[in-house]
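Only one structure is covered here, and it is reproduced in the block below.
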Amino acid sequence: QVQLVESGGGLVQAGGSLRLSCTASRGTRDTFRSGTMGWFRQAPGKEREFVAGIRWTDSSTYYSDSVKGRFAISRDNAMTTVYLQMNSLKPEDTAVYHCAVKRSPGVVITTRYDYWGQGTQVTVSS
């Protein structure tokens, strides 16, 4: 069974921090063990955008320019969970954040992922 479950969203003030988690089922890990995982966000009235990505096998990381230096994506040692550490949050970071997986280990910065979680709401107040 392929399943991604996000958690950690909430309401924070500008300048604060939040850590999102994406837990993958064993079926997900088996299916995408040579692929990539990513975080995306979608604000009301805007298109879904890439935020950060990580290759599952070697932990290579990638970031959008808007979050580079503020956000950090990582995985746990058991390869069961991917995290998104969000620092220096801004009101424009407010969005629903989704994690996703992709079979291909190729291009990471793309919205063409194969399976998506349901998302978790992040709201940053000014």
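None of the values given here were measured: they were computed from a predicted structure. In this chain, residues are counted from 1 in sequence order.
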Shared hydrophobic cluster, Val101 / Trp116 (ILVMFWY, side-chain heavy atoms < 4.5 Å) = no

Do Val124 and Met86 have side chains that get closer than 4.5 Å, going by heavy atoms?
-> no

Between Thr31 and Arg103, is any pair of side-chain heavy atoms under 4.5 Å apart?
-> yes

Any side-chain heavy-atom pair of Ser21 and Ser7 under 4.5 Å = yes

Applying the 4.5 Å side-chain criterion to the ILVMFWY set and letting contacts propagate, would Ile73 and Phe50 be lumped into a single cluster?
-> no

To the nearest 0.5 Å, tell me how far Gln13 CD sits from Leu89 CG.
-> 11.5 Å

Enter the distance from Met37:CE to Thr81:OG1 here, rounded to the nearest 0.5 Å.
-> 8.5 Å

Is there a donor-acceptor pair closer than 3.5 Å between any side-chain N or O of Glu6 and the backbone N or O of Gln118?
-> yes

Residues Arg70, Asp93; criterion side chain to side chain contact (heavy atoms under 4.5 Å, CB included); working and verdict = CA-CA 11 Å; Arg70 298 189 298 121; Asp93 294 319; 2.8 Å; yes

Correct closest heavy-atom pair for Leu4 and Ala24 would be CD2-CB, 3.9 Å

Summary of ring pair (Phe, Tyr, Trp, His ring centres under 6.0 Å) pairs that have at least one residue in residues 59-114, sequence neighbours excluded | Phe40-Tyr113

For the atom pair CD (Glu49) and CD1 (Ile109), what is the distance rounded to the nearest 0.5 Å?
-> 12.0 Å

Which atom of Lys102 lies closest to which atom of Phe32, heavy atoms considered = C-CD2, 3.6 Å

Arg55 (side chain) donor-acceptor with Gly106 (main chain) under 3.5 angstrom | yes

Nearest-0.5 Å distance that lies between atom OG in Ser88 and atom NZ in Lys90 | 8.0 Å

Do you know which two heavy atoms are closest between Ile54 and Val108, and how far apart they sit?
-> N-CG1, 4.4 Å

Specify the closest pair of heavy atoms between Leu84 and Val51, including all atoms of both residues, with the distance to one decimal.
-> CD2-CG1, 4.3 Å

Heavy-atom pair with the smallest gap, counting every atom of Pro91 and Ser126 = CG-CB, 4.0 Å

Could you tell me whether Gln121 atom CD has more than 12 heavy atoms of other residues or ligands within 6.0 Å of it?
-> yes

Given the rule that I, L, V, M, F, W and Y join up when any side-chain heavy atoms are under 4.5 Å apart, are Val82 and Val96 in one cluster?
-> no

Measure the spacing between OG of Ser64 and CZ of Arg41 and express it to the nearest 0.5 Å.
-> 6.0 Å

